[in-house]
Amino acid sequence: MTATPYRIIVCDGTSCINKGSRKLTAILREQLDKHGLADRTTIGLSGCLGMCDKGPIMVVNPGYTIYGRLTEADIPEIVEEHLVNNRPVARLVIQEDHLYNRFFRVFGDAKFFGKQMRVTLRNCGIIDPENIDDYLSLRGYEALAKAITEMTPDQVVAEIEKSGLRGRGGAGFPTGRKWRLTANEKATPKYVICNADEGDPGAFMDRSAIEGDPHTIVEGMAIGGYAIGAERGVVYIRAEYPLAIKRIEKAIADARAHGLLGKNILGSNFSFDIEIRLGAGAFVCGEETALIHSIEGARGMPRPRPPYPAAVGLFGKPTLINNVETWANVPVVILDGANWFRTVGTETSKGTKVFALAGKVVNTGLIEVPMGTTLREIIYDVGGGIPFGKRFKAVQTGGPSGGCLPEQYLDTPIDYESLTKAGSIMGSGGMIVIDEDSCMVDVARFFLEFTQDESCGKCTPCREGTKRMLEILVRITEGKGKPGDIENLERLGNMIKKSALCGLGQSAPNPVLSTIKNFREEYEEHIRDKKCRAKACKCLVSYEIGDKCIGCGACKRVCPVGAISGSPKTKHTIDQDKCVRCGLCFNTCKFEAIAKV
Amino acid sequence: MAKTSTKERATPATHEEKLAELKAHMAELQKQENAQSQLISILHKAQSLYGYLPNHVMDEIAQTMGIPTAHIWGVATFYHYFKLTPPGRYEIALCLGTACYVKGAAQILQAVKDELKIDVGGVTEDGVFSLAPARCLGACGLAPVAMIGEKIHGELTPKKVVQILKDYRKQAEKDK
Ligand SMILES: Cc1cc2nc3c(=O)[nH]c(=O)nc-3n(C[C@H](O)[C@H](O)[C@H](O)COP(=O)(O)O)c2cc1C
Ligand code: SF4
Ligand code: SF4
Ligand code: FES
Ligand code: FES
């Protein structure tokens, strides 16, 4: 028997909960009681650890042993072997997972360091997000205390300016400059807003950051309020994120109970409080002027800028609006200083960036890397490369506002300027890896369908222009492309970019233009040869039955147009003239006898 | 401060109880400054109580808040989250986000449509299922993903999703 006090962290992120992590916690408690270990073991819940595909995850400390893919039956074994006999259960330990090699300064071990560096996610997976004491024990709210008691508001703004921090919501506007502009405004009251609308349809950085470490956002916003002279803050968060909402609500309430929000914070003259407003599922509401209209209770329509929210924002007052990840950097800059912060990153882009790495990549999940890390390092070293021996085709960043970069750009370092120069954008952190099975014309169609659907309809270029572009793209993917289509797409795209009112329209053509630039031959093949090399465009593939067919007849039964014939136990055939290419037979055959050609 | 949770437990059963709760919520928000800005929060509350936004409830909100119904209608229709017709017993939120798209969400969507004979936004005749698109459910590692009720189903294939729907239907029949 060992007397080590253990601290066990069970991942309580969305993905792990869905894989049954809460049941595991209950069983763990039972087992600890049974072995009389309850007194010297603490159980903490954490936000997403970034290893969702290997969940449910449980971490045993000391030692930082990470167990994954746990089932209920594994828990008694872990308790008995690891906690009682001090023998970690090797079979369940996740090995070689680059995603966790990164707990900067908390574990600080070079071996575990990998290519990642956790600054804004420093507490995610380490603390229990619903326990303010956990946050306090890792220097939580120290930055706020330092700002209020040792620095003037002007010094706080100056420190942020000096840090070189830039907005993480997509555009990369220098955060310090925005703070300075808002601080200089005379009108009151002023407001501080956290943009947690996270519109990119393939990303979940902000959600995980709030689920894993909500107090960092609260602290960052309070510092912002102090710096610009605001007493009110608003977190605008998507209604689709119930767990994140619950956690930020609790964080605000707990901070209030500890005197870290409310009147005269820490005995100073500074008062600040935060309320939560829910979004309601409109991509355009991530745009700052639309977001402000939405908080005011109206339709989330953008308006032309200037005036910028710094001058005329929420309820017509000066408003400082930053993205979740931008706010999460603030306590770090104040606590460790701009000088330290500037040591991380590149000349123009300081600090780290969080990405939601997904798509055709071995390790999917949330990662954080220093600016300047190359796409190749992210995809191959951190992400573990492309699964099933498939070929890399493109990496998409910036979601519907971004672009697709092919192999020759893999050594592009991640910073605002380099990604823009390569033809994509940094964006808010969506990073989707695409392999040879995806058709780039269809990828462009996918994003345009999204922006078209989300266009608020206020300005004509965006509303009508994206519709025209989408029609052309759909035609091309259906094998009805015409010569001149590519040029028309380019012309329309450039027109919309120049004339749309807000960032949604101005950036909507990007996925199309970047795929034309980098994958023009795929467009040409669709139009000229009526071929889709990825065999993804349904209308451009045909189905053939090969020798593996045992004549089970399943395909014949599902075919909606009766195109398949053959007697039982003999090879079936497809009448290509009748076939409508629905693909049902392909999905039905259990013997892999049907091939796409 | 107002509670903002989207999903409330132990929802009151009768129409009167629901209305009373909604009115209490509105009364509390009316006390705050910029009360009209709380419209979206009120619509969230109404939807969490009723499952959607019935016309008569929007009228009620209009009266209490002193806002024209047309304005409320305009706001409710602008946001995808608000439903103007009753959803099915099991709401299927099929992720059409980028990661799921790359991993074949289109085939899953087709399989669901074929199985239920409804389109996106539709409700099955028996009221058991409704189908809505979702954008990134935050479980990209499990792509393609669908959320049915409050449960996430991941790593879907056309076959798997059809089987899952059959299981739900069986459950619905048992409950009847
Ligand atoms: C169509 C559109 C959608 C946007 N969506 C988001 C979003 O989801 N989250 C976000 O933080 N910023 C989003 N932005 C950027 C915001 O307008 C704003 O620039 C940002 O919140 C400022 O914060 P930052 O300087 O910290 O990046 C979006 C912009 C546009 C044009
Ligand atoms: S389902 Fe497959 S094995 Fe069966 S008849 Fe069709 S092609 Fe042949
Ligand atoms: S794809 Fe559809 S129409 Fe074509 S052969 Fe298969 S089942 Fe028949
Ligand atoms: S939710 Fe547990 S690792 Fe992501
Ligand atoms: S894109 Fe479907 S869960 Fe993220």
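Because the structure is a prediction, the values reported are computed rather than measured. Residue numbering restarts at 1 for every chain, and letters A, B, ... go by the order of the sequence lines.
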Query raised in the report: When rounded to the nearest 0.5 angstrom, what distance separates CG in A/Leu278 from NZ in B/Lys45?
Result: 11.5 Å
Requested in this report: Run the salt-bridge test on A/Glu198 and B/Arg135 with the 4.0 Å N-O cut-off and return the result as yes or no.
Outcome: no
Requested in this report: Please state whether the side chain, the backbone, both or neither of B/His153 comes within less than 4.5 Å of a heavy atom of chain A.
Outcome: neither
Query raised in the report: Nearest heavy-atom pair of B/Val102 and A/Lys360: which atoms, and what distance?
Result: O-CE, 3.4 Å
**Report entry** Under 4.5 Å from a heavy atom of chain A, the part of B/Leu137 involved
**Finding:** backbone
Report summary line: Taking every heavy atom of A/Phe315 against every heavy atom of B/Asn34, the minimum-distance pair comes out as CE1-ND2, 3.2 Å
Query - Per-residue contact mode, A/Ser294 against chain B (heavy atom under 4.5 angstrom) - result: both
**Report entry** From CZ (A/Phe450) to OH (B/Tyr101), nearest 0.5 Å
**Finding:** 14.5 Å
Query raised in the report: Is it the backbone or the side chain of B/Lys159 that comes under 4.5 Å from a heavy atom of chain A, or both, or neither?
Result: side chain
**Report entry** Between A/Gly359, A/Cys456, A/Pro400, A/Gly300, the one whose heavy-atom pairs under 4.5 Å with chain B are most numerous
**Finding:** A/Gly300
For residues 84-93 of chain B, dump all side-chain donor-acceptor pairs below 3.5 Å to protein atoms at least two apart in sequence or in another chain.
{"residue": "B/Arg89", "atom": "NH1", "partner": "B/Asp175", "partner atom": "OD2", "Å": "3.3"}
{"residue": "B/Arg89", "atom": "NH2", "partner": "B/Asp175", "partner atom": "OD2", "Å": "2.8"}
{"residue": "B/Glu91", "atom": "OE1", "partner": "B/Lys83", "partner atom": "NZ", "Å": "2.8"}

**Report entry** Partner chain B: residue of A/Asp435, A/Asp442, A/Val433 with the largest heavy-atom pair count (under 4.5 Å)
**Finding:** A/Asp442
Query raised in the report: Between A/Ala203 and chain B, which part of the residue has a heavy atom less than 4.5 Å away: side chain, backbone, both or neither?
Result: backbone
Query raised in the report: Are any of the side-chain heavy atoms of A/Glu240 and B/His80 separated by less than 4.5 Å?
Result: no
Report task. Could you look at B/Glu155 and say if it's the side chain, the backbone, both or neither that has a heavy atom under 4.5 Å from chain A? Result -> neither
**Report entry** Nearest-0.5 Å distance that lies between atom SG in B/Cys100 and atom CD1 in A/Ile432
**Finding:** 9.0 Å
Query raised in the report: In Å and rounded to the nearest 0.5 Å, what is the CE to CG distance from B/Met147 to A/Asn18?
Result: 8.5 Å
Query raised in the report: Any idea which heavy atoms bring A/Thr364 and B/Gly141 closest together, and the distance?
Result: OG1-CA, 3.0 Å
Query raised in the report: Nearest 0.5 Å, what's the NE2-CZ distance between B/His71 and A/Arg299?
Result: 9.5 Å
Query - When B/Leu39, B/Ile40, B/Ile42 are compared by non-hydrogen pairs under 4.5 Å with chain A, the top option - result: B/Ile40
Report task. Could you check which of A/Gly297, A/Ala280, A/Gly281 has the highest count of heavy-atom pairs closer than 4.5 Å to chain B? Result -> A/Ala280
Report task. Measure distances from B/Thr77 to the heavy atoms of chain A and classify the residue's part below 4.5 Å as side chain, backbone, both or neither. Result -> side chain
**Report entry** Closest contact, heavy atoms only, B/Cys136 versus A/Phe204
**Finding:** SG-CD2, 4.2 Å
**Report entry** A/Ile295 CD1 to B/Ser41 OG distance, which is reported to the nearest 0.5 Å
**Finding:** 12.5 Å
Query raised in the report: Short question: side chain of B/His44, backbone of A/Gly279 - any donor-acceptor pair under 3.5 Å?
Result: yes
Requested in this report: Answer with side chain, backbone, both or neither: which region of B/Leu142 has an atom nearer than 4.5 Å to a non-hydrogen atom of chain A?
Outcome: side chain
